Undergrad: 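First, the structure itself, so that you have it in front of you.
These numbers come from a predicted model, not from an experiment. Residue numbering restarts at 1 for every chain, and letters A, B, ... go by the order of the sequence lines.
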Protein chains: 2
Amino acid sequence: MASPPPVDLLDQVLELAVLINQDMTGSLAQRGLTPARTHLLWELAHRGPSTQRDLAEALRVSARNVTGLVDGLEATGFVTRAAHPGDRRATLVTLTAQGEREMKRMRDEHVQFADALFKDMPQARRAALAAGLGHVLDRLRTLIAQQASP
Amino acid sequence: MASPPPVDLLDQVLELAVLINQDMTGSLAQRGLTPARTHLLWELAHRGPSTQRDLAEALRVSARNVTGLVDGLEATGFVTRAAHPGDRRATLVTLTAQGEREMKRMRDEHVQFADALFKDMPQARRAALAAGLGHVLDRLRTLIAQQASP
DNA sequence: TATTGTTATACTCTATAACTATA
DNA sequence: TATAGTTATAGAGTATAACAATA
């Protein structure tokens, strides 16, 4: 089996990233969601009701941006704003029933999507792929850490 | 070696996609470029001087959007607009010397980045990774084609 | 009449800075 | 004085629709 040059491997990974991204963005759009708003919903589902300040830190985004994202999600019925019981400056953002439903559906579809991509892959190749991806992820994290510090 | 469940594989791929995307976006920003503008430069480098209409089709984006992208690239010195010799309605967008230099540098760095990620990977694992990625890309293309037609 | 690119308008994501209400 | 969130302002990417110049 010929060993492909690094550039070809990188190009494969990039193409995969582009296709997956397009596929997911399209699915979200059908439900009236965008990647940024979905990211916020995802955090909310993991953390439970949160202040906008906490969401801004979790998403690594400005407070102003969170105001806009919550505005959009509130208008489309995925979240509500409520008074914070202990701090009258703060707002608690909470998933609505619709928001909970969407998150559940998203989790289910995530699993289905993974099955569709990998279920017919032989066990040995699956393990080899995981090992290869792990290697690349390690290298990439190292590179990013080096860029950040010096 | 245990075979990982599909969801774990998908999550690995998604994390890789996110990290690579962040890395590339950061590199581009240091040169005053954005992903969308870079995409246009890339097409231009491959096709040679092109009308905005052709660029819009190549990028699968509205004509209005190309006007904006070319405005930005012109203002930052990467491209120029010139009269089309045979059609006075049309504009020919052309890479400047600076634009050509940037594209060359980008190609070089692309290769270097690939080397940094994959050079220390054993040949056998490299081949296995390419095979695994090929499998996923095939499945994904099939899924997308199915979504598009029915 | 059809096509090329622009102006007009609008929505989303993103940021910083100034400001209000509260701690 | 510091913090939570908003308004004000700005730039980038995206879209559709109307319009001018040209084919």
Side-chain angles (χ1 to χ4, degrees), chain A residues 18 21-22 24-26 28-44 47 49-94, chain B residues 18 21-22 24-26 28-44 47 49-94:
Chain A
V18 167
N21 188 54
Q22 284 177 354
M24 295 187 124
T25 303
L28 293 177
Q30 292 182 337
R31 324 243 181 84
L33 283 172
T34 62
R37 290 178 187 180
T38 305
H39 191 182
L40 193 152
L41 288 184
W42 194 260
E43 278 301 325
L44 212 49
R47 308 163 71 92
S50 310
T51 64
Q52 297 189 184
R53 169 65 46 195
D54 287 346
L55 289 171
E57 275 170 27
L59 304 178
R60 299 183 173 206
V61 125
S62 69
R64 176 61 184 89
N65 199 351
V66 170
T67 297
L69 295 174
V70 173
D71 283 351
L73 287 166
E74 205 178 22
T76 45
F78 292 99
V79 307
T80 52
R81 281 180 167 104
H84 188 292
D87 186 341
R88 282 193 297 176
R89 295 169 306 178
T91 309
L92 270 187
V93 183
T94 310
Chain B
V18 167
N21 188 53
Q22 285 176 354
M24 293 186 125
T25 303
L28 293 177
Q30 291 182 338
R31 325 241 177 84
L33 283 172
T34 62
R37 291 178 187 180
T38 306
H39 191 181
L40 192 152
L41 288 184
W42 194 260
E43 278 301 324
L44 212 48
R47 308 164 70 92
S50 310
T51 64
Q52 296 189 185
R53 167 67 43 195
D54 287 346
L55 290 171
E57 275 170 29
L59 303 178
R60 300 184 173 204
V61 125
S62 68
R64 177 61 184 90
N65 198 349
V66 170
T67 297
L69 295 174
V70 172
D71 283 351
L73 287 166
E74 205 178 21
T76 47
F78 292 99
V79 307
T80 52
R81 282 181 167 104
H84 188 292
D87 185 341
R88 282 194 296 177
R89 295 170 306 180
T91 308
L92 269 187
V93 184
T94 310

Undergrad: If the test is side chain to side chain contact (heavy atoms under 4.5 Å, CB included), which one of B:V66, B:L55, B:D54 qualifies with B:V93?
TA: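 Testing each of B:V66, B:L55, B:D54 against B:V93, the sole residue satisfying side chain to side chain contact (heavy atoms under 4.5 Å, CB included) is B:L55.
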Undergrad: Can you give me every donor-acceptor pair (side chain of residues 72-80 of chain B, partner residue at least two apart or in another chain, under 3.5 Å) with its distance?
TA:
{"from": "B:E74", "atom 1": "OE1", "to": "B:R81", "atom 2": "NH1", "distance (Å)": "2.8"}
{"from": "B:E74", "atom 1": "OE2", "to": "B:R81", "atom 2": "N", "distance (Å)": "3.4"}
{"from": "B:T76", "atom 1": "OG1", "to": "B:G72", "atom 2": "O", "distance (Å)": "2.8"}
{"from": "B:T76", "atom 1": "OG1", "to": "B:L73", "atom 2": "O", "distance (Å)": "3.4"}

Undergrad: Measure the distance from CG on B:L55 to C1' on D:dT14 and round it to the nearest whole Å.
TA: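 So the CG-C1' distance, B:L55 to D:dT14, works out to 17 Å.
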Undergrad: Between the two ends of the helix from C:dT1-D:dA23 to C:dA23-D:dT1, what is the bend in degrees, rounded to 10 degrees, where each end axis spans five pairs?
TA: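 For the helix from C:dT1-D:dA23 to C:dA23-D:dT1, the axes at opposite ends meet at about 30°.
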Undergrad: May I ask you to list the residues of residues 58-78 of chain B, by number, that have any heavy atom positioned under 4.0 Å from an atom of DNA chain D?
TA: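 Contacting residues: B:V61, B:S62, B:R64, B:N65, B:L69.
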Undergrad: Where along residues 81-91 of chain B does a heavy atom come under 4.0 Å from DNA chain C, residue by residue in number order?
TA: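 Heavy-atom cutoff 4.0 Å gives B:R81, B:R89, B:A90, B:T91.
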Undergrad: Rounded to whole angstroms, how far apart are CG on A:N21 and P on C:dC13?
TA: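 Taking CG of A:N21 and P of C:dC13, I get 14 Å after rounding.
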Undergrad: Is there a side-chain contact between B:L41 and B:L33, using heavy atoms and a 4.5 Å cut-off?
TA: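 Sidechains of B:L33 and B:L41: in contact.
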Undergrad: Can you find a pair of side-chain heavy atoms, one from B:L92 and one from B:T51, that are under 4.5 Å apart?
TA: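 Yes; the side chains approach each other to less than 4.5 Å.
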Undergrad: Residues of residues 28-39 of chain B with any non-hydrogen atom less than 4.0 angstrom from an atom of DNA chain D: list those, numerically ordered, please.
TA: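 Contacts with DNA chain D under 4.0 Å: B:T34, B:A36, B:R37.
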Undergrad: Return the value, rounded to whole Å, for the distance between atom CZ of A:R53 and atom C1' of C:dA21.
TA: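 After rounding, the reported distance stands at 14 Å.
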Undergrad: Please name all residues satisfying salt bridge (Lys or Arg N to Asp or Glu O under 4.0 Å) with A:R89, sequence neighbours left out, ordered by chain then number.
TA: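 Counting only residues at least two positions away or on another chain, A:R89 forms a salt bridge (Lys or Arg N to Asp or Glu O under 4.0 Å) with A:D87.
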